[in-house]
Amino acid sequence: MSFPLLTATAALPALGAVATAAVPAAQRTAAKWLALLVSLATLALAVTVLVRFDPDGERYQLTENHAWIRDFGVRYELGVDGIAVALIALTALLIPFIILAGWHDADPLETGSRRWRPTQGFFALILAVEAMVVISFEATDVFVFYIFFEAMLIPMYFLIGGFGDRAHAHGEETAATQRSYAAVKFLLYNLAGGLIMLAAVIGLYVVAGTFSLTEIADARAGGTLHMATSTERWLFLGFFFAFAVKAPLWPLHTWLPNAMQEATAPVAVLITAVVDKVGTFAMLRFCLQLFPEASKWATPVVLVLALISIIYGALLAVGQRDIKRLVAYASISHFGFIIMGVFAMTSEGQSGATLYMVNHGISTAALMLVAGFLISRRGSRLIADYGGVQKVAPVLAGTFLIGGLATLSLPGLAPFVSEFLVLVGTFTRYPVIGIIATFGIVLAALYTLVLYQRTMTGPVKPEVSAMPDLRVREVLVVAPLIVLLIFLGVYPKPVTNIIDPAVKQTLSDVHKKDPRPEVEAAK
């Protein structure tokens, strides 16, 4: 039997979470180092998956298939395509930076406070989320995917509600109340989506007789499995609703600004750069592959909702006074681009959407983590409380600027390539949608540059006059992300080579081909 590499990539952070939680209470530093080492070892396994994956090989590789719950037809079935490999690599890459950035976020509070922040629990929960996200990307059994898709809500609930941002102007009691509200809202929204998906999962099993994604897809392609049109559409809606909540797509997005505002900056990155990607990934893997006709039927409505997300999220970002809420609404706008690319049903759109998942994860991590360093120094999330930071902390201001420019998709930085592909891919099939979506770029420039102007330029406010610049640990967090943004902005080919074959297979699942350009024949 070959080494179960995919299982190991998910099991290592899970075991690391247990070990980190078991570290004695007095050994907080040891728990931090253990969590960091486990995350680096997981990154090494993810790189091994990346190296062993052959983009030109079979669709699902490094597969594992074992009987699990025989009476219900559930199998422990794993496999990765190019899309999953790219997102596993993104997840494993970001977790060490998240841990380093949150190095002191769960330390005991100031003397006089009665509330203890269990450091071991904080880092154990981060590793637990990593394990569940990774196996969600790997699962090719629908039931296995569903279990971990839902299970990741539990550690995320405690990370949001139990380890919130300390920068709160209204005291610890009010902060705790708002954290609890944000955590409960996150849980209820996602549980509602999950319960509807559970009904659809059961319905799929009744129709197909199996939970295996590959078996269902092969049966449909071979003509041995037929779904009534109404059945397929209802099942699609059950799956899509859960993924749209997770993504988050307008109007199911309202939990995200609260969660990101109240969470620590590293946990906010974990939410939007890692966990939310499971929703958009699942649209590609499950909605399009299992329900191709229903996906085409729903495309016009989904594209309109994605377009609303793009414009609505960007408009609300322009008017935000809270730095973290601004990044949250910007992410809603960006997820609109990703979903639009998925349902444009073109190779450029879906390649751009997948690349956008990777690039958005890196750019959001860079911007939000630097914003977190800024907020921890001043003790405030309000934009109005800053001014002139670039004069006292130029490295912090410079990295903040690059993260912001990546967010607005400046040419030369990674998100530009993916956003351009999404817009081109959408325009070739839905030109009106593509044209309107470009206004999201203009709004992104507005909210990003205004944020930088109000916080970093102008007279130095007294409260920031003694602000220290980035420390060594913080530079180690931000610098690699900045390098990746520049490298993938100039040379995205290493990622596109991996994802393009998988995208072509996805288009084949929905029986779509790229539209031919309408060019008049030369006379």
Go through the steps to decide whether Leu367 and Val327 satisfy the test side-chain contact (heavy atoms from CB on, under 4.5 Å), and finish with yes or no.
CA-CA 8 Å; Leu367 180 60; Val327 178; 4.0 Å; yes
Residue pair Met467, Leu374: steps toward the side-chain contact (heavy atoms from CB on, under 4.5 Å) verdict:
CA-CA 9 Å; Met467 180 178 290; Leu374 178 70; 3.8 Å; yes
Criterion side-chain contact (heavy atoms from CB on, under 4.5 Å) on Trp255 and Val245, from CA distance to verdict
CA-CA 9 Å; Trp255 61 268; Val245 172; 4.0 Å; yes
Does the side-chain contact (heavy atoms from CB on, under 4.5 Å) test come out yes or no for Phe400 and Leu451, once each step is laid out?
CA-CA 10 Å; Phe400 189 84; Leu451 171 64; 3.6 Å; yes
In sequence, state the C-alpha distance, the side-chain angles, and the governing distance for Ser333 and Tyr312, and then conclude on side chain to side chain donor-acceptor pair (under 3.5 Å).
CA-CA 7 Å; Ser333 181; Tyr312 171 86; over 6 Å; no
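Between the side chain of Thr272 and the backbone N or O of Ala268 there is no donor-acceptor pair closer than 3.5 Å. Formation of a donor-acceptor pair under 3.5 Å by the Tyr146 side chain with backbone atoms of Gly194 is found in this model. Within the 3.5 Å criterion, the main-chain N or O of Ile160 finds no donor-acceptor partner in the side chain of Glu262. Judged by distance alone, with hydrogens and angles left aside, the side-chain atoms of Ser39 form a donor-acceptor pair with the main-chain N or O of Leu36 at under 3.5 Å. Listed for the Arg473 side chain is a donor-acceptor partner under 3.5 Å among the backbone atoms of Leu100. Looking only at distances, a side-chain donor or acceptor of Ser309 sits under 3.5 Å from a matching main-chain atom of Trp250. With His334 contributing its side chain and Thr407 its backbone, the two residues share a donor-acceptor pair below 3.5 Å. Remark: side-chain polar atoms of His253 are not paired, donor with acceptor, to backbone N or O of Leu249 under 3.5 angstrom.
Residues forming a salt bridge (charged side-chain N to carboxylate O under 4.0 Å, His left out) with Arg377 (at least two apart in sequence, or on another chain): Glu474. Partners of Thr354 under the side-chain hydrogen bond (donor to acceptor under 3.5 Å, both in side chains) rule, at least two apart in sequence or in another chain, do not exist in this structure. With sequence neighbours excluded, the residues forming a salt bridge (charged side-chain N to carboxylate O under 4.0 Å, His left out) with Asp81 are Arg285, listed by chain and number. Under the salt bridge (charged side-chain N to carboxylate O under 4.0 Å, His left out) criterion, Lys277 pairs with no residue at all, not counting sequence neighbours.
How far CG of Leu396 is from CG of Leu470: 4.5 Å, rounded to the nearest 0.5 Å. Residue Leu316 holds its CG atom at 8.5 Å from CZ of Arg325, rounded to the nearest 0.5 Å. Rounding to the nearest 0.5 Å gives a distance of 6.0 Å between CG of Leu484 and CG of Leu93. Rounded to the nearest 0.5 Å, atoms CG (Leu443) and OH (Tyr329) are 15.0 Å apart. Interatomic distance, Ile383 CD1 to Lys324 NZ, rounded to the nearest 0.5 Å: 13.0 Å. Atoms OG1 and CG, on Thr48 and Leu6 in that order, are 11.0 Å from each other to the nearest 0.5 Å.
Partner Met357 forms a side chain to side chain contact (heavy atoms under 4.5 Å, CB included) with one of Thr280, Asp276, Leu90 and no other, that one being Thr280.
Within the structure, the ring pair (Phe, Tyr, Trp, His ring centres under 6.0 Å) test picks out the following pairs touching residues 80-103 (sequence neighbours left out): Trp33-Trp103. Sequence neighbours left out, the pairs with a member in residues 410-421 that pass side-chain hydrogen bond (donor to acceptor under 3.5 Å, both in side chains) are Tyr356-Glu419, Asn359-Ser418, Ser409-Glu419. Note on residues 362-391: no pairs pass ring pair (Phe, Tyr, Trp, His ring centres under 6.0 Å), not counting sequence neighbours. The list of ring pair (Phe, Tyr, Trp, His ring centres under 6.0 Å) pairs with a residue in residues 437-459, not counting sequence neighbours, is empty. Among pairs with a residue in residues 447-468, none fulfils salt bridge (Lys or Arg N to Asp or Glu O under 4.0 Å), at least two apart in sequence or across chains. Within the structure, the salt bridge (Lys or Arg N to Asp or Glu O under 4.0 Å) test picks out no pair touching residues 438-453 (sequence neighbours left out).
Nearest approach of Ser331 to Leu256, heavy atoms of both residues: CB-CD2, 4.5 Å. A pairwise comparison of heavy atoms in Val389 and Thr455 identifies CG2-O, 3.2 Å as the closest pair. Here the closest heavy-atom approach between residue Pro492 and residue Val417 is recorded as CG-CG1, 3.8 Å.
Proximity of the aromatic rings of His360 and Phe337 is defined here by a centroid distance below 6.0 angstrom, and this criterion is not met. In summary, the aromatic rings of Phe343 and Phe240 are positioned with their centroids under 6.0 Å apart.
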Could you tabulate the donor-acceptor pairs under 3.5 Å formed by side-chain atoms of residues 149-158, not counting sequence neighbours?
none

Distance-only donor-acceptor pairs under 3.5 Å for side chains of residues 130-137, two or more places apart:
{"unit_1": "Ser136", "atom_1": "OG", "unit_2": "Met132", "atom_2": "O", "d": "2.7"}

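Using a 4.5 Å cut-off on side-chain heavy atoms (C-beta onward), Pro266 and Asp105 make contact.
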